[in-house]
Amino acid sequence: MAELPDKGTAFIDWYLAVVEAADLTDKRYPVKGMNVWTTYGFRARRNLDAVMVREIEATGSEAVEFPALIPANEFAKEKEHIKGFDNEVYWVTKGGATPLDVPLVLRPTSETAMYPVFAMWVRSHRDLPLNVYQIVNTFRYETKTTRPFVRVREIHFFEEHTCQVDEDHATERVRSNLGAFRRMAEAFCLPYLTTRRPDWDKFAGAHYTIAFDIPLAGARTLQLGSVHHYRENFSRPYGITYEAPDGSQRHVHQTTFGLSERLLGAIVAVHGDAKGAVFPSAIAPYEVVVVPILGTDSGPGPIQTAEAATDRLRRAGRRVRLDAGDERPGAKYYRWELHGVPLRLEIGRREAEGRSVTIVDRLGRKGTVPLDRLETGVAERLADFDRALRERARTAFAGSVTPARVLDDLKDSVTVRLVGWCGSEECGHQIETAIDGALLGTLEEALPNPLEAPTRCIACGTSDGVRSAIAGRPM
RNA sequence: GGGACUGUGGGGUAGCUUGGUCCAUCCUUCGGGGUUCGGGACUCCGAGACGCCAGUUCAAAUCUGGCCAGUCCCA
């Protein structure tokens with residue numbers, strides 16, 4: 001089997017090799033930016049969705065699903081929004097051979113599909129808050145190079161849309177979303193940055209945008225998702241109003257929360273190593289792979305013990321794969337490491353006779369669990385694996401964000417930088433020019449590894465109103 | 001949006017400059033047999049490709065044009 005490219009020096013090549021060799025996607029589908037979800041990749045995606053659903057529903061959101069096609073006139077109602085997406089939407093202009101009177105947009109996101117309907121759903125303050133989400137595919141005509149999971153044209157998209165009685169309640173919803181994402185990221189074992197985007201980089205139509213990013217090697221950053229506060233920017237053009245207790249008609253304040261399969265790309269990018277993918281247990285297509293070690297003289301013990309162990313773990317709700325194929329154990333070890341399975345159970349004659357299994361995690365830590373407490377032993381090992389993975393990611397994160405004091409410092413950044421910023425657009429652009437990237441925004445939540453807060457703007461030197469900001473080079 | 005380059009079995013490749021020696025090379029993969037099996041086994045047999053459509057030519061993987069797909073650079 002071929003060696004993987006080096007993650008440190010050829011990151012993109014490494015990433016592409018891993019997602020392909022680990023059978024997460026088939027990118028041979030002949031349309032740019034549209035890849036096939038393989039059985040293994042689909043398992044990971046389903047687990048990812050399950051975490052998102054669990055956490056968002058815990059905050060009082062309910063699932064809905066809106067159609068994929070949006071009439072052009074509805075799409076065009078909010079001026080900034082249409083401007084932001086005009087160049088990257090797919091149009092449906094014919095039904096069969098008949099040109100459509102009103103062309104249809106294939107949703108790039110669903111504000112303009114949902115909000116005309118929200119206007120009908122929301123009548124009274126008693127209908128609020130309206131918190132709904134959907135997980136659907138959206139389409140954006142990306143012109144840049146597409147990459148599996150990270151930049152695609154057909155996006156597996158999670159989007160929550162809410163209507164609140166006023167600005168403060170919408171702000172609260174934004175906070176709630178930040179909390180939900182924090183709990184999701186805990187399951188993904190991913191440390192991340194939370195920043196408020198500069199005005200020139202906020203979502204099309206938003207009052208403000210808070211985004212989650214992860215730092216990668218070479219000052220690169222990858223956006224994982226975002227939360228937007230829309231104020232009344234959409235409720236006015238779409239006429240989403242309610243009758244308040246005092247009898248007045250008011251516009252709702254809206255928020256959205258968006259995530260995508262890019263999270264899967266981030267998980268591969270952050271946790272993966274020289275041996276391939278590494279999945280946190282919540283996402284892993286299989287949490288455990290059982291490898292019986294068979295020999296001519298081993299008798300039926302190993303295979304029977306392995307089958308029994310697999311069966312017991314399944315009954316305990318674990319995702320388990322028994323690999324009883326006719327290969328040498330070493331070949332199986334390499335394959336399942338490449339596929340990122342957290343735990344491997346080895347069961348040979350020694351284990352079958354000793355009533356215990358050898359258990360090795362994806363970080364290479366080896367141990368033994370007695371068969372009579374297999375279920376709890378595996379559960380403990382998985383929790384311990386997640387802890388270690390989280391710790392490893394946090395250490396890498398700490399080395400990927402460093403402070404910079406002067407503009408010149410930014411030029412040859414090999415990490416994402418923490419800088420002081422006075423908030424002016426002019427200084428912001430100077431920072432972006434200096435790092436040859438972007439000012440992601442001001443820190444909205446503390447870094448996982450707190451750094452000393454800057455006291456002066458890195459561009460103009462003022463100490464008035466200086467905030468901690470993050471600069472990097474978005475992928 | 002502008003420019004450059006690339007396309008050969010499932011994956012990676014040789015061949016293309018100078019058309020013929022190519023019913024296309026090698027590695028890997030896949031199917032079957034046998035010996036194996038505690039970190040990528042060996043062996044035997046078999047399967048599988050010139051992106052698509054035109055054109056030039058006695059002859060096209062090789063030259064020309066269009067299309068499709070991909071990569072990179074610049075805005």
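Here is the naming used below: chain letters follow the sequence lines, and residue numbers restart at 1 for every chain. None of these values were measured; they are calculated from a predicted model.
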(message) Taking the basic N atoms (NZ, or NE/NH1/NH2) and the acidic carboxylate oxygens, is any pair closer than 4.0 Å for A:D311 and A:R314?
(response) no
(request) Please list residues of residues 322-332 of chain A whose heavy atoms come under 4.0 Å from any atom in RNA chain B, ordered by number; otherwise none. (result) A:D326, A:E327, A:R328, A:P329, A:G330, A:A331
(message) Using a strict threshold of under 4.0 Å (side-chain N to carboxylate O), is an ion pair present between A:R196 and A:E444?
(response) yes
(request) Could you tell me whether A:T143 contacts a base, only the sugar-phosphate backbone, or nothing, with contacts defined as non-hydrogen atoms closer than 4.0 Å? (result) nothing
(request) Determine the Euclidean distance between corresponding C1' atoms of B:rA60 and B:rC53; express it in Å to zero decimal places. (result) 15 Å
(request) Please determine if a side-chain N or O atom of A:T358 lies less than 4.0 Å away from the OP1 or OP2 oxygen of B:rG38. (result) no
(message) Once you measure the plane-to-plane angle for A:Y115 and A:Y230, does it fall in the parallel (<30°), tilted (30-60°) or perpendicular (>60°) bin?
(response) perpendicular
(message) Looking at B:rG46, which nucleotide sits across from it as a Watson-Crick or G-U wobble partner, both distances under 3.5 angstrom, or is there none?
(response) B:rC30
(message) Using a 4.0 Å heavy-atom cut-off, does A:E20 contact any base of the nucleic acid, only the sugar-phosphate backbone, or nothing at all?
(response) nothing
(request) In whole angstrom, give the distance that lies between atom CD of A:E142 and atom C1' of B:rA69. (result) 18 Å
(message) Classify the ring geometry of A:F149 against A:W37: parallel below 30°, tilted from 30° to 60°, perpendicular beyond 60°.
(response) tilted
(request) Ignoring the backbone of A:R147, work out which of B:rG38, B:rG10, B:rC72 is nearest its side chain. (result) B:rC72
(message) Please name the nucleotide paired to B:rC68 by Watson-Crick or G-U wobble geometry with both distances under 3.5 Å, or report none.
(response) B:rG7
(request) Ignoring the backbone of A:R350, work out which of B:rG39, B:rC72, B:rG38 is nearest its side chain. (result) B:rG38
(request) Pick the C1' atom in B:rA61 and in B:rU6, then give their distance to the nearest Å. (result) 15 Å
(request) For A:V31 and for A:Y141, find the nucleotide of RNA chain B with the closest heavy atom, then tell me which residue's nucleotide is more 5'. (result) A:Y141
(request) Cation-pi check, A:R153 to A:Y141: give yes when NZ or CZ is under 6.0 Å from the six-membered ring centre and within 45° of the ring axis, no otherwise. (result) yes
For residues 79-92 of chain A, which side-chain donor-acceptor pairs fall under 3.5 Å, sequence neighbours excluded?
| residue | atom | partner | partner atom | Å |
| --- | --- | --- | --- | --- |
| A:E80 | OE2 | A:K83 | NZ | 3.4 |
| A:H81 | ND1 | A:A204 | O | 3.2 |

(request) Provide the Watson-Crick or G-U wobble partner of B:rG38, both distances under 3.5 Å; none if there is no partner. (result) none
(request) Would you mind reading off the distance between A:K144 atom NZ and B:rG70 atom C1', rounded to a whole angstrom? (result) 18 Å
(message) Between B:rG39 and A:E346, counting only base atoms on the nucleotide and side-chain atoms on the residue, is there a donor-acceptor pair under 3.5 Å?
(response) no
(message) Roughly how many Å apart are B:rC16 and B:rA24, using the C1' atom of each and rounding to a whole number?
(response) 12 Å
(message) Between the base of B:rG39 and the ring of A:Y333 - centre-to-centre under 5.5 Å, planes within under 30° - is that a stack?
(response) no
(message) Over all strands shown, is A:R344 touching base, sugar-phosphate only, or nothing at heavy-atom distances under 4.0 angstrom?
(response) base
(message) Please name the nucleotide paired to B:rU13 by Watson-Crick or G-U wobble geometry with both distances under 3.5 Å, or report none.
(response) none
(request) Please give the nucleotide sitting opposite B:rC58 as a Watson-Crick or G-U wobble pair, both distances under 3.5 Å, or none. (result) B:rG20
(request) Write down the distance separating the C1' atoms in B:rA59 and B:rC22, rounded off to the nearest Å. (result) 13 Å
(message) For B:rU71 and A:K32 - does any side-chain N or O of the residue sit under 4.0 Å from the phosphate oxygens OP1/OP2?
(response) yes
(request) Could you tell me if the ring centre of A:F257 sits under 6.0 Å from that of A:F158? (result) yes
(message) Roughly how many Å apart are B:rA49 and B:rG55, using the P atom of each and rounding to a whole number?
(response) 25 Å
Without placing hydrogens or testing angles, list every side-chain donor-acceptor pair under 3.5 Å for residues 98-105 of chain A, not counting sequence neighbours.
none

(message) I'd like the C1' distance from B:rG1 over to B:rG10, given in whole Å.
(response) 37 Å
(request) Please measure how far the P atom in B:rU29 lies from the corresponding atom in B:rC74, and state the result in whole Å. (result) 39 Å
(message) Give me the distance, rounded to whole Å, that separates B:rG7 from B:rC67 when you measure between the C1' atoms they each carry.
(response) 14 Å
(message) With a 6.0 Å cut-off on the ring centroids, do A:Y286 and A:H339 count as close?
(response) no
(request) May I ask which nucleotide in the shown strands pairs with B:rU25, Watson-Crick or G-U wobble, both distances under 3.5 Å? (result) none
